[in-house]
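Just passing along the structure, written as structure tokens.
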Amino acid sequence: MSAHKNHPFHLVEVSPWPLYGALGAMTMMMGLIKWFHTQDSSLFLLGMSLSIVISAQWWRDVTRESTLQGLHTLKVTVGLRWGMILFITSEVFFFISFFWGFFHSSLSPSAEIGMIWPPKGIVPFNPAQIPLLNTLILLSSGITVTWAHHALMENNYSQASESLFLTVLLGVYFTLLQAYEYQEAPFTIADAVYGSSFFMATGFHGLHVIIGTTFLATCLVRHLNNHFSPTHHFGFEAAAWYWHFVDVVWLFLYISIYWWGS
């Protein structure tokens, strides 16, 4: 690409990462299916490892373009903002499908599950125990990520570092508690529509927490390397938007599935 251009847009150079990323995701998905059928997780772990390495390389290239090469102009940043808004919108509809299925099954339970909700034989979680603690953790993380954003806009390096680190720590804590909750669950994903609804909705939310924590951890590393300024930090803003979305989805999950649904 020519070094001189007469427009403010960023025309990306040829990159192998989209193709490799798709192959890594396909390998991971095939490995997941193989794991379910044969109890062999080796292909899934290979696909996941490939996806992580490819994502890191791709993120490195985008970081270099935005920070060192100065290719993310105001026009480019506006496009990235709209892209993130549309992505989060698509994620909202993704979770709406799970809530739709849950309320369809719970408001009109079929004869196959005893015409009651939760189905007969299912012992739901106590919403005042780990689910409530996880709610407090995510609400606290929403406060710390907002603190980090305001500290960044005020050019307060130390406060931004501390609050962002706390947010990542809270995200990891949430994931560990959810893993413990799954391990102690008195029902499985195979236990009627309740088990399917519960594990699909909370499991995909847990996956989003892991992705969001990774996103914020990457932002923390970038911040420690002075990649952000008070006026140029869209990478962090996108991570903060995503994290707030994850928080809101959890509130709906807690109220509908853990509290009302139990």
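Numbers here simply count residues along the sequence, with the first being 1. All heavy atoms count here, side chains included; hydrogens, waters and symmetry mates do not.
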Do Thr63 and His227 have side-chain atoms, one donor and one acceptor, less than 3.5 Å apart?
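Absent: no donor and acceptor within the cut-off.
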
Hey, does the side chain of Thr27 reach the backbone of Gly47 with a donor-acceptor pair shorter than 3.5 angstrom?
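Answer holds: no.
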
Which of these, Phe94, Phe99, Phe93, sits in a side-chain contact (heavy atoms from CB on, under 4.5 Å) with Ile96?
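The option that passes is Phe93.
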
Which atom names give the shortest non-hydrogen contact between Pro118 and Gly261, and what distance separates them?
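Scanning both residues completely, I find the closest heavy atoms to be CG-O, 3.5 Å.
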
Under 3.5 Å donor-acceptor pairs involving side-chain atoms of residues 231-239, not counting sequence neighbours:
residue: His233; atom: ND1; partner: Ser229; partner atom: O; Å: 2.8
residue: His233; atom: ND1; partner: Pro230; partner atom: O; Å: 3.4
residue: His233; atom: NE2; partner: His149; partner atom: NE2; Å: 3.4
residue: Glu237; atom: OE1; partner: Arg81; partner atom: NH1; Å: 3.4
residue: Glu237; atom: OE1; partner: Arg81; partner atom: NH2; Å: 2.8
residue: Glu237; atom: OE2; partner: Arg81; partner atom: NH1; Å: 3.4

Nearest 0.5 Å, what's the CG-CG distance between Leu50 and Leu45?
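Output value for this atom pair is 11.0 Å.
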
Evaluate the criterion side-chain contact (heavy atoms from CB on, under 4.5 Å) for residue pair Met30 and Phe44; output intermediate values, then yes/no.
CA-CA 7 Å; Met30 291 172 62; Phe44 169 75; over 6 Å; no

Is there side-chain contact between Phe252 and Ile257, with heavy atoms separated by less than 4.5 Å?
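The answer is no, as the side chains (C-beta and beyond) never meet within the 4.5 Å cut-off.
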
Connecting only ILVMFWY residues whose side-chain heavy atoms lie within less than 4.5 Å of each other, what is the rest of Leu166's hydrophobic cluster?
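Besides Leu166, the hydrophobic cluster comprises Trp147, listed by chain and residue number.
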
Quick one: are Pro109 and Ser106 in side-chain contact, heavy atoms under 4.5 Å?
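No; the side chains remain at least 4.5 Å from each other.
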
Residues in ring pair (Phe, Tyr, Trp, His ring centres under 6.0 Å) contact with Trp250, at least two apart in sequence or another chain:
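With neighbours one apart ignored, the set is Phe174, His205, Tyr258.
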
If hydrophobic clusters are built by linking Ile, Leu, Val, Met, Phe, Trp and Tyr wherever their side-chain heavy atoms come under 4.5 Å apart, do Ile143 and Val209 end up in the same one?
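No, separate clusters.
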
Nearest 0.5 angstrom please: Asn126 CG to Leu132 CG, how far?
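Output value for this atom pair is 9.0 Å.
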
Does some side-chain heavy atom of Leu152 sit less than 4.5 Å from a side-chain heavy atom of His223?
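Side chain of His223 against side chain of Leu152, heavy atoms only: contact under 4.5 Å found.
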
Does any non-hydrogen side-chain atom of Pro119 lie less than 4.5 Å from one of Glu112?
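Result no, sub-4.5 Å side-chain heavy-atom pair not found.
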
Please report the interatomic distance CG(Asp191) to OG1(Thr188), rounded to the nearest 0.5 Å.
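The OG1 atom of Thr188 is 4.0 Å from CG of Asp191, to the nearest 0.5 Å.
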
Taking Ser196 for the side chain and Ala192 for the main chain, is one N or O donor matched with an acceptor at less than 3.5 Å?
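Flag set: sc Ser196 to bb Ala192 pair under 3.5 Å.
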
Backbone N or O of Phe87 within a donor-acceptor pair of the Ser90 side chain at under 3.5 Å?
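Such a contact is found between Ser90 side chain and Phe87 backbone.
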
Quick check on Tyr20: does its OH atom have over 12 non-hydrogen neighbours (other residues, nucleotides or ligands) under 6.0 Å away?
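No.
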
How close do Leu138 and Asp247 get, heavy atom to heavy atom, and via which atoms?
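In terms of heavy atoms, the two residues are closest at O-OD2, 3.2 Å.
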
Is the number of heavy atoms from other residues, nucleotides or ligands under 6.0 Å of Trp59 CH2 greater than 12?
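Atom CH2 in Trp59 is crowded, with more than 12 foreign heavy atoms closer than 6.0 Å.
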
Can you name the nearest heavy-atom pair linking Ser163 to Ala160, along with the distance?
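That closest heavy-atom pairing would be OG-O, 3.3 Å.
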
What is the ring orientation for Tyr242 with Phe245, classed by angle as parallel under 30°, tilted 30 to 60°, or perpendicular over 60°?
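Ring orientation, 0 to 90° scale: tilted.
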
With side-chain contact (heavy atoms from CB on, under 4.5 Å) as the criterion, how do Trp241 and Val246 come out once you've worked through the C-alpha distance, each side chain's angles and the decisive distance to 0.1 Å?
CA-CA 9 Å; Trp241 292 355; Val246 168; over 6 Å; no

With clusters defined by side-chain heavy atoms of hydrophobic residues (ILVMFWY) lying less than 4.5 Å apart, directly or transitively, does Val172 cluster with Met48?
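Different clusters: Met48 never reaches Val172 through Ile, Leu, Val, Met, Phe, Trp or Tyr contacts under 4.5 Å.
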
Is the closest side-chain heavy-atom distance between Arg222 and Ser66 below 4.5 Å?
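Yes, close enough: below the 4.5 Å cut-off.
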
Looking at every heavy atom in both Val193 and Ser105, which two are closest together, and how far apart are they?
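Taking every non-hydrogen atom into account, CG2-OG, 3.4 Å.
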
Taking only residues two or more places apart in sequence or in another chain, which ones pass salt bridge (charged side-chain N to carboxylate O under 4.0 Å, His left out) with Arg60?
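In terms of salt bridge (charged side-chain N to carboxylate O under 4.0 Å, His left out), with neighbours along the sequence ignored, Arg60 is linked to no residue.
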
If only side-chain N and O atoms count, and only distance matters, is there a donor-acceptor pair under 3.5 Å linking Ser42 with Asp40?
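Judged by distance alone, the side chains do pair up.
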
Carefully, step by step, assess Trp117 and Phe102 under the rule side-chain contact (heavy atoms from CB on, under 4.5 Å).
CA-CA 11 Å; Trp117 193 266; Phe102 173 78; 3.6 Å; yes

Could you work out, with ring pair (Phe, Tyr, Trp, His ring centres under 6.0 Å) as the rule, every residue matching Phe103, not counting sequence neighbours?
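Residues passing ring pair (Phe, Tyr, Trp, His ring centres under 6.0 Å) with Phe103: Trp260.
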
When you group the ILVMFWY residues by side-chain heavy-atom contacts below 4.5 Å and let the links chain together, are Leu23 and Met29 in the same group?
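They do not share one cluster, since no chain of ILVMFWY contacts under 4.5 Å joins Met29 to Leu23.
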
Would you please test Met115 and Ser110 for side-chain contact (heavy atoms from CB on, under 4.5 Å) and show each step?
CA-CA 5 Å; Met115 300 187 72; Ser110 63; over 6 Å; no

Spacing of CG belonging to Leu224 relative to CG belonging to Leu220, to within rounding of 0.5 Å
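Spacing of CG (Leu224) from CG (Leu220) equals 4.5 Å.
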
Any side-chain heavy-atom pair from Leu170 and Thr144 closer than 4.5 angstrom?
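Touching, per the 4.5 Å side-chain cut-off.
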
Just so I know, are the side chains of Ile130 and Glu184 near enough to count as touching, which here means a heavy-atom distance under 4.5 Å?
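The answer is no, as the side chains (C-beta and beyond) never meet within the 4.5 Å cut-off.
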
Are Tyr254 and Tyr194 linked, directly or through intermediate hydrophobic residues, by side-chain heavy-atom contacts shorter than 4.5 Å (ILVMFWY only)?
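Tyr194 and Tyr254: one cluster.
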
Assess whether atom OH of Tyr180 is packed by more than 12 heavy atoms of other residues, nucleotides or ligands within 6.0 Å.
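Check fails, neighbour count at 12 or below.
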
Could you measure the distance from the OH atom of Tyr173 to the CD atom of Gln178? Nearest 0.5 Å is fine.
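That separation rounds to 13.5 Å.
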
Can you see whether His150 engages Gln159 through a side-chain donor-acceptor pair at a distance of less than 3.5 angstrom?
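Side chains of His150 and Gln159: no pair found under 3.5 Å.
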
Please list, chain by chain and in numerical order, all residues satisfying side chain to side chain contact (heavy atoms under 4.5 Å, CB included) with Ala185, sequence neighbours excluded.
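With neighbours one apart ignored, the set is Phe125, Phe199.
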
In terms of hydrophobic clustering (I, L, V, M, F, W, Y; side-chain heavy atoms under 4.5 Å; direct or indirect links), are Leu43 and Ile33 co-clustered?
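No, because Leu43 and Ile33 fall into different hydrophobic clusters, even though each may have its own neighbours under 4.5 Å.
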
Does the side chain of Cys219 reach to within under 4.5 Å of the side chain of Leu164, using non-hydrogen atoms?
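Sidechains of Leu164 and Cys219: in contact.
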
Could you give the distance from CD1 (Ile210) to OG1 (Thr175), rounded to the nearest 0.5 Å?
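If I round to the nearest 0.5 Å, the distance is 5.0 Å.
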
Is it the case that the ring center of Phe198 lies less than 6.0 angstrom away from the ring center of Phe187?
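Yes, close enough.
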
Assess, by modelled atom type and distance only, whether the side chains of Trp243 and Ser141 contain a donor and an acceptor separated by less than 3.5 Å.
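Yes, because at least one side-chain N or O of Trp243 sits under 3.5 Å from a partner of the opposite role on Ser141.
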
